[in-house]
There are 2 protein chains.
Amino acid sequence: MKRPTIRDVAVVAGVSSGTVSRVLNGKNWVSPEARVAVEAAIRSTGYRVNPHARNLAMSKSNSVAFLLTETQQVLFEDPNFAALVRGTTQALADRDVSSVLIMAGDAAEQARAMSYISAGHVDGVLLAFTSSGGNPLVRRLLDAQVPIVSCGMPVGGFEGRIGSVSADDAHGAVSVVQYLVAQGRRRIATIAGPPDTPGGIARLEGYRRVLASRFDPALVVEGDYTVAGGAAALRTLLAREPAIDAVFAANDAMAVGAIEALQAAGRQVPTDVAVAGFDDNDFATRSTPELTTVRQPFPRISSEMVRVLMELIGGEEPSAITLPTSLVVRGSA
Amino acid sequence: MKRPTIRDVAVVAGVSSGTVSRVLNGKNWVSPEARVAVEAAIRSTGYRVNPHARNLAMSKSNSVAFLLTETQQVLFEDPNFAALVRGTTQALADRDVSSVLIMAGDAAEQARAMSYISAGHVDGVLLAFTSSGGNPLVRRLLDAQVPIVSCGMPVGGFEGRIGSVSADDAHGAVSVVQYLVAQGRRRIATIAGPPDTPGGIARLEGYRRVLASRFDPALVVEGDYTVAGGAAALRTLLAREPAIDAVFAANDAMAVGAIEALQAAGRQVPTDVAVAGFDDNDFATRSTPELTTVRQPFPRISSEMVRVLMELIGGEEPSAITLPTSLVVRGSA
DNA sequence: CTGAAAGCGCTTACAG
DNA sequence: CTGAAAGCGCTTACAG
């Protein structure tokens, strides 16, 4: 009737509940015989540890939050988020820790998130650092000593206080722009990301580094990481400089928008204008032609985020990890 | 240094910890003076209740799972899921209960989900009933007495054992097919959903009911709810019966695929062939022309799911709720 | 290696 | 209306 407790297991196994707890927690101060007896008793009673009791006794929650500081809309439209949520959930599950998705898009939600997290529901938080929108919350979380690791280099002055793991944005941009140059492109424009995002900064810098003295501010337009934003940016670019023959967009969504706008303007991609993106997410293979882009290693980013967070929770110092990207050549450039 | 407990609040307020607990839980057996003193003490100490202690004492978790039995890929591509996850998370947060997203696509994940849930991490489960893929898990959950409510009528023989809330699929289909008839369409085909899904069954039935004696099996093709599947189904339809002048797709994604395939085949939408969908999700406004479709009231579905689940958790019987749909006329039909 | 016991921080009959 | 106390189910020094 009632769910079995550690005590029930103990009587069946003929030991004390302390011993049951020890085998449960993999301590090795237990004799082989006792261990065998306890394991059998666990099976025969159908015992499962009560997480609330364990959490109370150990004062930890065995759970972390994945915090979304963007508007909720964005989340489910952004394949990067999806990959990260999927990847980290998996990596966490492998360690038997659960994860809660927390949406904290507006101030009210952020307040709620803050009280939820600081109440001790989670041991740490995973963050996708896309803009500065979540900064106030991050600051408060930090003040409350909550372990945090972000995907993407922190941009709000949090360097060294939170863990981070990011793709090598600058180098990824360098490699793709070099590729465009090698293909003989002469007027290479870029659609940059928002300047308050790590990708918005570093990818532009990579572009600029390759072009060096040939860098022309007129060929830089800022986008908002959306398909529509990419299309709009492209039109601006075309108005400024009709002779562009290549565009490097700071993410795949904008690259898709650029392709659509280009085609609407009667330009062939890649014949007239080559287009390259960044991310290699679902957008990359949904456009015609498919995108030449820079791949972010999301599975590895996810597992590293989890590893670093666990270290932080364990009391270690925050580390900042950068992972290599790779160039994926498809039809668009 | 150490986080304040109920006891700290009690000494500051000059009462016993039992009284603090009573004001915390909104019991009214507490004098106004005591209440005021406690509330002040809570503020001055910065007290927050420890959820693990509370959960242990009350033996409940104040948390529910949103279970995804589809492959993980599907989730983040499906705007219906996104709307449901968003809506239920919100409704749950309003009641101060948290939610965990659990992906249980393959057998290994289902086993893990089972043990997570039956360990008592959550008080109940929210489910999006899209196919029969999750049936074995649902069955085991039911055996373990876990309260469940699904979106969509249960199809695996779970009627009456789990709560459910769904849009009125049959009536929604009736209204849109009647609309097509009223527009003067004569050869109305349908791309049905998979026959092991509630929508796959009821929407087809609504279509059939309107056509009655004019129903022609040759005009029915089964799709898989994806854009590509919709396009493929449309091509099959066109091969069978080039004279179709309208298509009712069982969801928006397939409707978009149908439009694309139609256009690729040189047919104008809606002039040559009218196309209607079902859902009114993001797909509906991303196609050209935009979709005429049946709106599912996702916000209401979400909040009803939560309400019914809370009832179930509270010991009441499972209820099955059907919510009305509405026809949304845009450019495609 | 193992048991008895204290403690984690709450809730809730039970008296009063 | 309120306090003292038991209980929720674990973990973990502390002895032995």
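In this text the structure is predicted, and so the values were computed from the model without any measurement. The chains referred to below are lettered A, B, ... by the order of the sequence lines, with proteins before strands, and numbering in each begins at 1.
Within the 4.0 Å cut-off from OP1 or OP2 of dG9(D), at least one side-chain nitrogen or oxygen of Lys2(A) is found. For dT11(D), the OP1/OP2 oxygens have a side-chain nitrogen or oxygen of Asn25(A) closer than 4.0 Å. Look at Thr19(A) and you'll find a side-chain N or O under 4.0 angstrom from OP1 or OP2 of dG3(C). Between Ser16(A) and the phosphate of dG3(C), there is a side-chain N or O to OP1/OP2 separation shorter than 4.0 Å. Contact annotation: Ser21(A) side-chain N/O to dT11(D) OP1/OP2 distance is under 4.0 Å. For dT2(C), one of the phosphate oxygens OP1 or OP2 lies less than 4.0 angstrom from a side-chain nitrogen or oxygen of Ser31(A).
Put simply, NZ on Lys60(A) is 16 Å from C1' on dG9(C), counting in whole angstrom units. Summarising the geometry, the separation between NE2 on His52(B) and P on dG7(D) is reported as 24 Å, rounded to the nearest angstrom. We find that CZ of Arg35(A) is positioned 11 Å from C1' of dC1(C), with the value rounded to whole Å. Counting to the nearest Å, the C1' atom of dC8(C) and the CG atom of Asn50(A) are 13 Å from each other. If you measure from atom CZ of Arg54(A) to atom P of dG9(C), you get 18 Å, rounded to the nearest angstrom. Atom CG of Leu56(A) and atom P of dA6(C) are 17 Å apart (whole Å). The separation between Arg7(A) atom CZ and dC10(D) atom P is 10 Å, rounded to whole Å.
Relative ring orientation between His121(A) and Tyr116(A) is described as parallel, the plane-to-plane angle staying below 30° on a 0-90° scale split at 30° and 60°.
The CG atom of Leu137(B) sits 5.5 Å away from the CG atom of Leu67(B) when rounded to the nearest 0.5 Å. With values rounded to the nearest 0.5 angstrom, Leu127(A) atom CG is found 9.5 Å from Cys151(A) atom SG.
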Would you sketch DNA chain C in dot-bracket for me? Only Watson-Crick or G-U wobble pairs with both distances under 3.5 Å count, crossing pairs as [ ], other-strand pairs as |, the rest as dots. |||.||||||||.|||
Report the C-alpha distance between Arg112(A) and Asp106(A) in whole Å, list the side-chain angles of each, state the deciding distance to 0.1 Å, and finish with yes or no for salt bridge (Lys or Arg N to Asp or Glu O under 4.0 Å). CA-CA 10 Å; Arg112(A) 180 142 62 185; Asp106(A) 57 40; over 6 Å; no
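Each of Met58(B) and Val15(B) lies near DNA chain D, and the nucleotide nearest Val15(B) is the one positioned closer to the 5' end. Residue-to-nucleotide proximity on DNA chain C shows that, of Pro32(A) and Ser17(A), the 5′-proximal contact is made by Pro32(A).
Checking Ser61(B) against Asp123(B) by side-chain atom types alone, a donor-acceptor pair falls below 3.5 Å.
Remark: side-chain polar atoms of Glu316(B) are not paired, donor with acceptor, to backbone N or O of Leu312(B) under 3.5 angstrom.
For the pair Ser44(A)/Val12(A), a side-chain contact is recorded, criterion being any heavy-atom separation below 4.5 Å from C-beta on. Counting only heavy atoms from C-beta outward, the side chains of Pro318(B) and Arg161(B) never approach each other to under 4.5 Å.
Comparing dT2(D), dG9(C), dG7(C) by their closest approach to the side chain of Ala57(A) singles out dG7(C). Of the listed nucleotides (dT2(C), dC8(D), dC10(D)), dT2(C) has the atom at the smallest distance from the side chain of Val30(A).
Nucleotides dG16(D) and dT12(D) have their C1' atoms positioned 16 Å apart, rounded to a whole Å.
A donor N or O paired with an acceptor N or O is found under 3.5 Å between the base of dG3(D) and the side-chain atoms of Arg22(B).
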